[in-house]
Amino acid sequence: MTTLFISDLHLEESRPDITEAFLGFLKEKAHGVKQLYILGDFFEAWIGDDERTPLQEQIAAALRAVSESGTEIFLMHGNRDFLIGHDFCDRAGATLLDDPTVVDLYGTPTLLMHGDSLCTADVEYQKFRANMRNPQWQQMILQRPLADRQQMARQLREISMAKNQGKAETIMDVTPEEVVKDMEAHGVQRLIHGHTHRPAEHHLEANGQPAKRIVLGDWDTHVWWLEVQPGEEPVLNKRPL
């Protein structure tokens, strides 16, 4: 039995190399394993399940094939693709996960998050995140014409890139105290998340005991995945894209 975790692929038409790497990863690693978790920012942008571009349909079909091989697929929203809905997940054979979610990973309770909510030093972003995750705001946006949403996505991306260039690196990383707070609130000793593009394993203390935070990598220059098997420690893997 094997469980895989990935995040931050940022799939988009302008990066066919990432798409090809992902399709190859599915065939080589994900077919027939127990579970595949995708912890957010799977797509660079998502403006509603009704868009259905060729890339989105290709990815949905590829995931469906993995699902039909017996692999359970779970998908969590990121800060780029928080409008992914149940229609896409149904087409892809995936289950939408809440952020955060605790799972029993071969006997070890494990907290899964995208990770952006942990970056509390970025106060401006957290205010933006609260608005974007408001169900009423999302419903209002999804009712707008597709062309309007496409234009809005381009504008938000430009604004985000401009603001991030001026932010200190520490602001865009997680707040250590928030990590401990969330792990203790959920009563876990292991946390897996993405978002920060800083793949690593961090040892810390939570609930008065040793704990571990595993950060998944982004698929810009490398393919990153976390592999977990029963009775073994999780292994963070990478290979050139």
Side-chain angles (χ1 to χ4, degrees), residues 4-31 33 35-69 71-99 101 112 114-116 129 132-133 135 137-161 194-195 197 216-220 222-225 241:
L4 304 173
F5 295 86
I6 58 175
S7 72
D8 299 279
L9 280 70
H10 297 273
L11 294 170
E12 59 178 330
E13 283 78 0
S14 65
R15 291 295 305 268
D17 54 334
I18 298 178
T19 300
E20 286 303 310
F22 176 61
L23 296 176
F25 174 82
L26 290 182
K27 291 179 180 178
E28 179 185 344
K29 293 290 185 180
H31 272 264
V33 302
Q35 296 162 326
L36 169 64
Y37 286 88
I38 305 171
L39 299 186
D41 283 1
F42 185 34
F43 289 90
E44 174 64 11
W46 194 271
I47 59 173
D49 289 3
D50 57 329
E51 187 177 32
R52 301 188 72 150
T53 65
L55 172 62
Q56 293 163 358
E57 294 295 87
Q58 179 186 26
I59 296 302
L63 287 175
R64 167 63 69 174
V66 172
S67 174
E68 291 175 349
S69 77
T71 301
E72 290 184 287
I73 302 175
F74 299 93
L75 180 61
M76 182 177 285
H77 288 143
N79 54 295
R80 300 280 186 175
D81 52 13
F82 52 84
L83 290 178
I84 288 178
H86 292 287
D87 182 57
F88 172 78
C89 288
D90 288 344
R91 300 200 308 272
T95 299
L96 200 57
L97 279 185
D98 290 334
D99 180 5
T101 288
L112 308 180
H114 174 56
D116 57 332
R129 184 184 190 276
M132 298 299 104
R133 299 303 180 102
W137 180 91
Q138 292 186 0
Q139 190 61 35
M140 179 185 68
I141 292 300
L142 290 172
Q143 290 174 350
R144 295 175 64 176
L146 188 58
D148 287 359
R149 283 178 271 148
Q150 290 170 335
Q151 177 63 21
M152 182 190 72
R154 287 190 291 269
Q155 291 174 343
L156 286 175
R157 183 178 179 185
E158 291 172 0
I159 292 170
S160 174
M161 291 176 64
H195 178 65
H197 298 192
L216 305 173
D218 64 293
W219 289 36
D220 182 23
H222 289 79
V223 172
W224 287 92
W225 74 97
L241 194 64

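Since the structure is predicted, the reported quantities are computational estimates derived from the model, not experimental observations.
- Side-chain atoms of Gln138 come within 3.5 Å of backbone atoms of Met132 as a donor-acceptor pair (strictly under, hydrogens ignored).
- The structure places CG of Leu75 at 5.0 Å from CD1 of Ile84, a figure rounded to the nearest 0.5 Å.
- Judged purely by atom type and a 3.5 angstrom limit, His86 has no side-chain atom pairing as donor or acceptor with the backbone of Leu96.
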Under the criterion side-chain contact (heavy atoms from CB on, under 4.5 Å), I'd like the reasoning laid out for Trp224 against Leu216: C-alpha separation, chi angles, the key distance, then a yes or no.
CA-CA 7 Å; Trp224 287 92; Leu216 305 173; 5.9 Å; no
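- Taken from CG in Asp220 to CG in Leu9, the straight-line distance is 11.0 Å, to the nearest 0.5 Å.
- Electrostatic pairing of Arg129 and Asp99 counts as a salt bridge here, judged by a charged N lying under 4.0 Å from a carboxylate O.
- What you find for Phe88 and Ala60 is that their closest heavy atoms are CE1-CB, 3.7 Å.
- Between the side chain of Thr71 and the main chain of Val33, a donor-acceptor pair closer than 3.5 Å is present.
- Of all the heavy atoms in Arg133 and Asp116, the pair that sits closest is NH2-OD2, 3.7 Å.
- Residues Arg91 and Asp87 come closest through the heavy atom pair NH1-OD2, 2.6 Å.
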In sequence, state the C-alpha distance, the side-chain angles, and the governing distance for Leu23 and Gln58, and then conclude on side-chain contact (heavy atoms from CB on, under 4.5 Å).
CA-CA 9 Å; Leu23 296 176; Gln58 179 186 26; 3.4 Å; yes
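- In terms of modelled atom types and a separation under 3.5 Å, the side chain of Asp8 and the main chain of Gly194 share no donor-acceptor contact.
- Atom CD in Gln150 sits 6.0 Å away from atom CZ in Arg154 (nearest 0.5 Å).
- Listed here is the closest heavy atom pair of Leu241 and Ala21: CD1-CB, 3.4 Å.
- Of the possible donor and acceptor atoms, one in the side chain of Arg149 sits under 3.5 Å from a partner among the backbone N and O of Ile47.
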Could you check Ser7 against Asp41 for side-chain contact (heavy atoms from CB on, under 4.5 Å), going step by step and ending with a plain yes or no?
CA-CA 6 Å; Ser7 72; Asp41 283 1; over 6 Å; no
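- Judged by distance alone, with hydrogens and angles left aside, the side-chain atoms of Asp81 form no donor-acceptor pair with the main-chain N or O of Ala45 at under 3.5 Å.
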Take Glu44 and Arg15 through the test side-chain contact (heavy atoms from CB on, under 4.5 Å) and record every step on the way to the result.
CA-CA 10 Å; Glu44 174 64 11; Arg15 291 295 305 268; over 6 Å; no
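- Among the candidates Tyr37, Phe25, Phe5, the single residue satisfying the ring pair (Phe, Tyr, Trp, His ring centres under 6.0 Å) test with Trp225 is Phe25.
- Ring orientation note: the planes of His10 and His197 are nearly perpendicular, at an angle over 60° on the 30°/60° scale.
- Residues His114 and Asn79 have side chains that bring a donor and an acceptor to within less than 3.5 angstrom of each other.
- Nearest heavy-atom pair, Leu112 versus Met76, reported as atom, atom and distance to 0.1 Å: O-CE, 3.5 Å.
- Separating the CD atom in Glu51 from the CG atom in Leu83 is a distance of 11.0 Å, to the nearest 0.5 Å.
- A distance of 7.0 Å separates CD of Gln155 from CD of Glu158, quoted to the nearest 0.5 Å.
- Here Phe42 pairs with Phe22 under the ring-ring contact (aromatic ring centres under 6.0 Å, His included) rule; sequence neighbours left out.
- Note: Gln56 CD to Phe43 CZ = 5.5 Å, rounded to the nearest 0.5 Å.
- Looking at every heavy atom in both residues, Gly93 comes nearest to Ser67 through O-OG, 3.3 Å.
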